[in-house]
Participant: 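I have a structure here, written as structure tokens, and I will follow up with some questions on it.
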2 protein chains.
Amino acid sequence: MERMGKGESTKAAILEEATELASLVGLGGLTIGTLAAATRLSKSGLYAHFASKEALQVQVLQYARDRFTDVVLRPTVAAPRGEPRVREFFERWITWQSTAFDGGCIFVDAASEFDDQEGPVRDELVRAERDKLESLTLIVGTAVSEGHFRDDVDPEQFAYELEGIILAHHHARRLMRDGRAEERARRAFDRLVDSCRAAARTA
Amino acid sequence: MERMGKGESTKAAILEEATELASLVGLGGLTIGTLAAATRLSKSGLYAHFASKEALQVQVLQYARDRFTDVVLRPTVAAPRGEPRVREFFERWITWQSTAFDGGCIFVDAASEFDDQEGPVRDELVRAERDKLESLTLIVGTAVSEGHFRDDVDPEQFAYELEGIILAHHHARRLMRDGRAEERARRAFDRLVDSCRAAARTA
DNA sequence: TCCATAAAAGCACGATCGTTCGGCCCTGAC
DNA sequence: GTCAGGGCCGAACGATCGTGCTTTTATGGA
């Protein structure tokens with residue numbers, strides 16, 4: 001049966017709050033003290049749930065990754081194979097960036113923070129990112145094999161460029177506070193898809 | 001005449017080292033203690049050159065901005081107007097990202113770190129970024145008015161998408177350690193330019 | 001209801017944080 | 001030769017950091 005014990009439920013609440021906080025101040029800026037205050041726990045009471053701060057950071061990333069899988073990845077594969085599924089992925093991804101956490105997407109924040117700091121946090125981050133890229137590459141590959149995209153489309157290159165659009169969106173929206181960030185992202189995406197689409201009945 | 005006094009020269013050395021360090025651990029992760037150790041100064045001796053840590057952070061950004069102007073912006077306008085100048089900008093920008101500092105581009109790092117933290121650091125960062133975007137927009141606008149790019153090309157949209165390519169490159173190179181990051185960026189850039197180019201003698 | 005166990009708190013530790021202050025050294029002007 | 005001032009240091013401050021202990025409180029099965 002194994003319903004969730006008290007410990008597990010508070011730990012989940014901690015991770016929820018920690019992820020929110022980390023999206024605002026960064027994974028490195030996250031502090032046991034402030035997190036304890038935010039969850040109304042004592043420092044030691046909170047700390048008891050984790051082996052170290054580093055472990056907490058890793059588990060925050062894992063928590064965020066599960067969320068991403070739930071609200072982006074899994075629903076996406078419900079869309080019809082090929083281009084529609086690519087579109088669905090993009091739409092859900094960009095919505096995720098705006099709505100998942102108060103601060104920006106935690107993966108984007110953490111990426112530039114930990115790209116030079118060897119260790120388990122970086123490793124987990126790379127794992128999450130590689131996973132995401134792999135899923136995207138697969139989905140684009142399907143669009144090719146379905147005949148929606150041209151044969152010479154390189155799914156990895158597509159994934160690279162789509163990631164770029166998402167990053168530009170994050171940058172424009174969060175730092176520059178550009179109200180047209182999302183519109184711009186959509187236009188860029190449309191251009192990208194257009195350039196990959198098989199010519200509609202040319203012969 | 002005003003040659004550089006002792007104080008100014010050590011301050012310059014501090015900013016140099018600080019920028020390097022900040023590119024590795026982030027502007028927020030930058031610490032008076034570690035910076036003092038890196039410059040072989042005492043904490044207080046170093047601190048005497050700045051009003052506060054926040055002031056130091058701002059001046060680091062200003063220092064990096066000057067460097068960017070010197071090695072990217074200024075040489076770029078030496079290239080012939082129009083598409084060649086756009087190309088020059090891209091090439092210099094991407095080289096900057098790989099070679100300017102040991103850690104990634106400090107603006108990229110700082111952008112996701114301070115996008116949610118109101119204050120002078122964020123303000124300076126936005127100023128620098130707006131400057132960069134404006135220059136780029138102008139250069140692309142010239143490519144349009146020179147007839148290299150089609151009339152319906154939106155320079156701001158171009159700038160947005162180019163920023164995306166740069167960010168994707170940073171992400172792929174530094175976090176994912178993708179050896180083909182630069183090649184991918186170049187392909188994306190070529191595709192972007194191609195889609196903007198005026199059709200070569202159609203009539 | 002009692003008790004074993006889990007969960008949270010309390011307290012303290014060494015270290016480091018940003019910041020301040022008083023004083024020593026060195027240089028250049030008189 | 002003296003004196004003013006800039007440049008740098010040593011020491012120290014209160015606060016907070018991550019991390020251990022020991023103790024109290026809450027929980028749930030017998």
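Just so we're on the same page: letters track the sequence lines, and every chain starts at 1.
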Participant: Would you check if A:His171 and B:Glu129 make a side-chain contact, meaning some heavy-atom pair closer than 4.5 Å?
Facilitator: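 The answer is yes; the side chains approach within 4.5 Å.
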Participant: Which residue pairs pass the side chain to side chain donor-acceptor pair (under 3.5 Å) test when at least one of the two sits in residues 18-37 of chain B, sequence neighbours left out?
Facilitator: none
Participant: Salt-bridge test for B:Arg122 and B:Asp116: reply yes if a basic N is under 4.0 Å from a carboxylate O, no otherwise.
Facilitator: no
Participant: Picking from D:dT19, C:dT19, C:dC17, which would you name as closest to the side chain of B:Ser52?
Facilitator: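 Comparing D:dT19, C:dT19, C:dC17 against the side chain of B:Ser52, the answer is C:dT19.
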Participant: Report yes if at least one side-chain N or O of B:Thr31 is closer than 4.0 Å to OP1 or OP2 of C:dT16; otherwise report no.
Facilitator: no
Participant: Is the shortest heavy-atom distance from the side chain of A:Asp115 to the side chain of B:His170 under 4.5 Å?
Facilitator: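 Heavy-atom side-chain distance check passes, below 4.5 Å.
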Participant: Using a cut-off of 4.0 Å on non-hydrogen atoms, how would the nucleic acid contact of B:Leu35 be classed: base, sugar-phosphate, or nothing?
Facilitator: nothing
Participant: In whole angstroms, how far is the P atom of D:dC8 from the CD atom of B:Glu8?
Facilitator: 12 Å
Participant: Side chain of A:Ile32 only, heavy atoms from C-beta on: which candidate in C:dC17, D:dG18, C:dG18 is closest?
Facilitator: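 Taking heavy atoms from C-beta onward, the closest nucleotide is D:dG18.
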Participant: Mind checking A:Leu56 for me? I need base, sugar-phosphate or nothing, with any heavy atom below 4.0 Å counting as a touch.
Facilitator: nothing
Participant: Quick one: do B:Asp70 and B:Arg67 make a salt bridge, cutoff under 4.0 Å?
Facilitator: no
Participant: With distance as the sole test, does A:Glu113 use its side chain to make a donor-acceptor pair with the main-chain N or O of A:Gly28 at under 3.5 Å?
Facilitator: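 Flag set: sc A:Glu113 to bb A:Gly28 pair under 3.5 Å.
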Participant: To the nearest Å, how far apart are A:Tyr47 OH and C:dA12 C1'?
Facilitator: 15 Å
Participant: Please give, in whole Å, the distance from D:dT19 P to A:Lys53 NZ?
Facilitator: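 To the nearest whole Å, that distance equals 8 Å.
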Participant: Strictly under 3.5 Å: I want the nitrogen or oxygen pairs between protein and nucleotides 8-10 of chain C, one per line.
Facilitator:
residue: C:dA8; atom: OP1; partner: A:Lys6; partner atom: NZ; Å: 3.4
residue: C:dA8; atom: OP1; partner: A:Thr10; partner atom: OG1; Å: 3.4
residue: C:dA8; atom: OP2; partner: A:Thr10; partner atom: OG1; Å: 3.3
residue: C:dA8; atom: OP2; partner: A:His49; partner atom: NE2; Å: 2.7
residue: C:dA9; atom: OP2; partner: A:Ser42; partner atom: N; Å: 2.6
residue: C:dA9; atom: OP2; partner: A:Ser42; partner atom: OG; Å: 3.0
residue: C:dA9; atom: N7; partner: A:Ser44; partner atom: OG; Å: 3.2
residue: C:dG10; atom: N7; partner: A:Ser44; partner atom: OG; Å: 2.8
residue: C:dG10; atom: O6; partner: A:Ser44; partner atom: OG; Å: 2.9

